[in-house]
Structures are given as C-alpha cells and as structure tokens.
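Numbers restart at 1 for each chain; the letters A, B, ... are given by sequence-line order, proteins then strands.
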Number of protein chains: 2
Amino acid sequence: MELPKVGSIGEYIRQQRQQAKISLRQLAAQAGVSNPYLSQVERGLRKPSAEILNQIAKGLHISAKVLYVQAGLIEDREPDSDVLAAIRADVTVTERQRQVLIDIYESFRKENRAGNPEAQPSRPAEPPTGDAVLTENTATPDSKEG
Amino acid sequence: MELPKVGSIGEYIRQQRQQAKISLRQLAAQAGVSNPYLSQVERGLRKPSAEILNQIAKGLHISAKVLYVQAGLIEDREPDSDVLAAIRADVTVTERQRQVLIDIYESFRKENRAGNPEAQPSRPAEPPTGDAVLTENTATPDSKEG
DNA sequence: TCAAAGTGCTTGCAATTGCAAACTCGGCGG
DNA sequence: CCGCCGAGTTTGCAATTGCAAGCACTTTGA
C-alpha cells in the first residue's frame with residue numbers, strides 16, 4: 001500500500017474511497033457524516049477531528065490509525081525500537097519474564113554487533129527473506145502501532 | 001501504571017500532572033496551551049482535540065497515545081501482537097534469534113494463561129513463578145484493556 | 001502583619017468544525 | 001426536448017474549541 005505524505009488526509013481519504021469504488025455520498029452515509037462535509041474534508045477545506053476520522057475509517061473499512069497517521073496525529077513507529085518497548089508494555093507476561101526476554105534480546109543484539117554481522121547461523125537465503133519481511137511490515141501501517 | 005476508565009481524560013491528565021508534581025500553569029506552559037483551557041479540560045468542561053492532547057502529552061513527557069487511548073480515540077492494542085510484530089520486524093537480530101525470542105515469548109504467555117489464578121507472587125525462578133506473576137497481572141487493570 | 005507571587009477558575013470572544021438546505025452538473029430514459 | 005436521479009459542491013448557521021484578560025483564593029517571605 002502506498003502511503004502519501006503525511007498531511008494530505010483529504011487526498012488519502014478520496015483515494016481510499018475511489019479504490020473502494022464508492023461514491024462520496026455512500027461513504028458519507030457509511031461513515032455517518034454529512035456528505036458536504038466529507039467533500040470539504042477530501043478537498044482540504046476542513047480539518048476533521050479524530051472522531052470524524054474514526055467514523056470515516058469505519059466507513060472505509062480501514063483502521064482508524066492509518067488515518068491518524070495520515071493526519072499527523074500519531075507517528076508511524078520505528079520497527080527497531082519496538083521490540084524493547086513492546087516487551088516492556090506487554091502485560092500478558094510477568095515482570096520477570098519481560099526481563100528475561102529483554103536480556104535475551106539484548107544479548108542477541110550484542111552478539112550480532114560483536115560477531116560477524118554476516119554470520120547468519122541459519123540458511124543463506126534467510127537474510128534476504130528478513131529484509132523482505134521488513135519491507136512488508138514497513139508497508140503495513142497497522143503492524144507499526146505500538 | 002493505573003489506567004482509569006476510558007472517558008475521563010481530564011481526570012487522567014490531572015492525575016498525571018499531580019504525579020509529576022507540577023502546577024496547572026506549569027503544565028500549560030510546557031504543553032503550549034492556555035492554562036484556563038487546561039483547567040477546563042481537566043474538569044471535563046472542554047473536550048480537547050487530538051492535537052491538544054498531543055501537546056499535553058509532550059508537556060507531561062508521556063506518550064500521546066496513552067492520552068488518545070484515554071480519550072477513546074484509539075483502542076489499546078493487544079500487547080501480544082506488538083511484541084510478536086516487533087520481533088518479526090527487527091533486523092538487528094537474526095532469523096533464528098527472532099524465532100527463539102518468539103518461542104520463549106509464546107511459552108511464557110502459554111504458561112501465564114494456563115497458570116493458577118491463585119496469588120503466589122514470590123520467587124522468580126520456575127514456571128510456578130510464572131503462575132504467581134499471572135495473578136499479579138490479573139490485578140493490573142492494564143491487562144483488562146483492549 | 002502585609003504585599004507579592006503563585007494557583008486555579010470565570011468569562012467573553014474569534015476561529016473552527018460539522019451539519020442541513022440548496023445548488024449545479026452529467027447521464028439516462030421517455 | 002424534458003424530467004429524474006445520482007454525483008459532488010456551495011452556503012449559512014449553531015455548537016464547539018482554544019485563547020486572553022481578569023478574578024478569587026492561597027502561599028510565601030520580609
């Protein structure tokens with residue numbers, strides 16, 4: 001999925017609507033907002049609140065967060081700092097388990113920094129795959145949310 | 001961190017401010033919003049936009065997302081998906097290391113799910129410990145969110 | 001004690017948001 | 001041709017948001 005520059009929330013909404021092949025009035029009805037207002041939002045004449053974005057997202061059947069990112073309300077998370085933050089925020093594991101995970105993660109990273117970065121214990125095909133997966137995640141805003 | 005019920009964004013902001021031991025005017029200055037307005041927000045007389053929440057979060061040195069969650073703008077993501085997604089996306093560890101982390105993480109969670117709800121929050125050594133800490137998690141409102 | 005400083009709140013106002021009524025345009029069928 | 005319908009836009013308005021000036025009360029320091 002292509003992500004246009006943050007700030008063009010109206011363009012993005014129109015783009016998504018057109019991809020979904022529905023009219024402005026249909027989306028407005030599905031989103032529960034007035035169609036004139038939606039028209040204005042799409043053309044950048046009005047700046048919708050987060051709640052309206054939420055409604056529009058529902059009408060488009062997409063995640064509201066995508067629209068928040070587009071509107072600049074939240075940031076697209078950096079994948080690499082996510083592991084530590086995610087572990088720390090995870091409440092389905094215990095504090096000690098979190099620490100264990102963090103320790104292991106950190107030692108892995110230290111290992112990789114000290115050792116050959118090229119030394120991949122796994123199959124030679126792995127690194128490219130890893131990269132590809134990263135690209136995938138980059139393209140999926142949802143997976144970035146923390 | 002205690003999370004009061006979603007909807008009481010004003011209470012939450014006041015709570016965070018008081019925990020930080022700063023006056024309403026100080027926070028307002030740090031956040032770049034007017035202090036009367038902040039006062040009204042705290043008392044629930046006004047409903048701040050996402051941008052104002054962003055500014056307030058900066059003033060409080062907390063994540064804006066926390067405030068969005070409190071304000072009901074976004075949902076609290078399942079922590080488990082964050083950790084898994086983060087690990088998968090992490091390029092600073094090898095594929096094998098990623099799998100190890102995921103396996104450990106999953107076994108921890110399985111442990112915690114299957115564990116006794118009985119309170120035994122003590123020794124940090126073995127799976128029984130995990131059970132004990134599950135009780136801890138149960139007592140944490142965070143685990144109920146999302 | 002008193003004055004100054006700090007704290008949080010009240011009030012009025014300009015700008016913005018979201019809506020409803022109405023409008024214009026294009027396509028289609030009688 | 002005309003009328004109808006669906007599409008998107010224009011316009012005016014009420015409600016809301018965020019601010020600045022000012023107020024009332026409390027705390028602090030001489």
Side-chain angles (χ1 to χ4, degrees), chain A residues 4 6-74, chain B residues 4 6-74:
Chain A
V6 170
S8 54
I9 182 63
E11 285 176 26
Y12 186 74
I13 289 170
R14 177 162 287 188
Q15 178 189 48
Q16 291 299 310
R17 174 172 69 79
Q18 289 170 344
Q19 275 187 28
K21 295 180 162 56
I22 58 175
S23 71
L24 184 140
R25 289 190 181 203
Q26 282 174 334
L27 175 56
Q30 282 166 193
V33 302
S34 76
N35 70 68
Y37 185 64
L38 178 58
S39 173
Q40 287 170 326
V41 168
E42 283 192 354
R43 287 172 292 124
L45 299 182
R46 289 280 205 266
K47 177 184 159 189
S49 66
E51 291 203 25
I52 294 292
L53 288 179
N54 208 17
Q55 289 177 245
I56 292 170
K58 276 183 187 146
L60 286 169
H61 296 107
I62 63 175
S63 161
K65 281 186 185 173
V66 174
L67 293 188
Y68 292 164
V69 170
Q70 281 299 310
L73 299 181
I74 58 179
Chain B
V6 170
S8 55
I9 182 64
E11 284 176 27
Y12 184 74
I13 289 170
R14 178 162 288 190
Q15 179 190 48
Q16 292 299 307
R17 175 171 68 79
Q18 288 171 342
Q19 275 187 29
K21 292 179 164 58
I22 58 176
S23 72
L24 183 138
R25 287 192 183 207
Q26 283 173 333
L27 175 56
Q30 284 167 194
V33 303
S34 75
N35 74 70
Y37 185 65
L38 179 59
S39 173
Q40 289 171 325
V41 167
E42 283 192 356
R43 289 173 289 127
L45 300 182
R46 290 279 207 264
K47 178 184 158 190
S49 66
E51 293 202 26
I52 294 293
L53 286 179
N54 208 16
Q55 289 177 244
I56 291 171
K58 277 183 187 144
L60 285 170
H61 296 107
I62 61 175
S63 162
K65 281 186 184 172
V66 174
L67 294 188
Y68 292 163
V69 171
Q70 280 300 310
L73 299 181
I74 59 178

Locate the shortest heavy-atom distance separating [X] from [Y]; write the atom from each residue and the value.
X: B/S23; Y: B/Q26; value: N-OE1, 2.9 Å
X: A/K47; Y: A/Y37; value: O-OH, 3.8 Å
X: B/A28; Y: B/S34; value: CB-C, 4.0 Å
X: A/Q30; Y: A/G59; value: NE2-O, 3.0 Å

Qualifying residue for side chain to side chain contact (heavy atoms under 4.5 Å, CB included) with B/I56, from B/I62, B/I9, B/L38: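 That would be B/L38; it is the only one of B/I62, B/I9, B/L38 passing the side chain to side chain contact (heavy atoms under 4.5 Å, CB included) with B/I56.
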Estimated bend of the helix from C/dT1-D/dA30 to C/dG30-D/dC1 (axis per five terminal pairs, rounded to 10 degrees):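 The helix from C/dT1-D/dA30 to C/dG30-D/dC1 shows an end-to-end axis angle of 0°.
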Rounded to whole angstroms, how far apart are [atom1] on [X] and [atom2] on [N]?
X: A/Y37; N: C/dT16; atom1: OH; atom2: P; result: 12 Å
X: B/R17; N: C/dC9; atom1: CZ; atom2: P; result: 8 Å
X: A/Q18; N: D/dA7; atom1: CD; atom2: C1'; result: 12 Å
X: A/L24; N: D/dT9; atom1: CG; atom2: C1'; result: 9 Å
X: A/E42; N: D/dT9; atom1: CD; atom2: P; result: 7 Å
X: B/R25; N: D/dT26; atom1: CZ; atom2: P; result: 15 Å

Pairwise distance CD(A/Q18) to CG(A/L27) - rounded to 0.5 angstrom: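 Answer rounded to 0.5 Å: 11.0 Å.
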Point-to-point distance, once rounded to the nearest 0.5 Å, from OH of A/Y68 to CD1 of A/I74: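 A/Y68 OH to A/I74 CD1: 8.0 Å, rounded to 0.5 Å.
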Residues touching DNA chain C, which here means a heavy atom under 4.0 Å, drawn from residues 26-36 of chain B: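 Going residue by residue through residues 26-36 of chain B, the ones with a heavy atom under 4.0 Å of DNA chain C turn out to be B/N35, B/P36.
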Close residues, residues 43-60 of chain B, relative to DNA chain C [heavy-atom separation under 4.0 Å]: B/R43, B/R46
Residues B/I13, B/L53; criterion side chain to side chain contact (heavy atoms under 4.5 Å, CB included); working and verdict: CA-CA 9 Å; B/I13 289 170; B/L53 286 179; 4.2 Å; yes
Residue-phosphate contact under 4.0 Å: B/S23 side-chain N/O, C/dG6 OP1/OP2: no
Nearest listed nucleotide, side chain of A/Q40, among C/dT17, C/dT7, D/dT11: D/dT11
Check: A/R14 and A/R43 side chains under 4.5 Å, non-hydrogen atoms: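 A/R43 reaches A/R14 side chain to side chain.
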Crowding at CD, A/E51 (>12 non-hydrogen neighbours, <6.0 Å):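 Incorrect, the count does not exceed 12.
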Side chain A/R17, main chain A/I22, donor-acceptor under 3.5 Å: yes
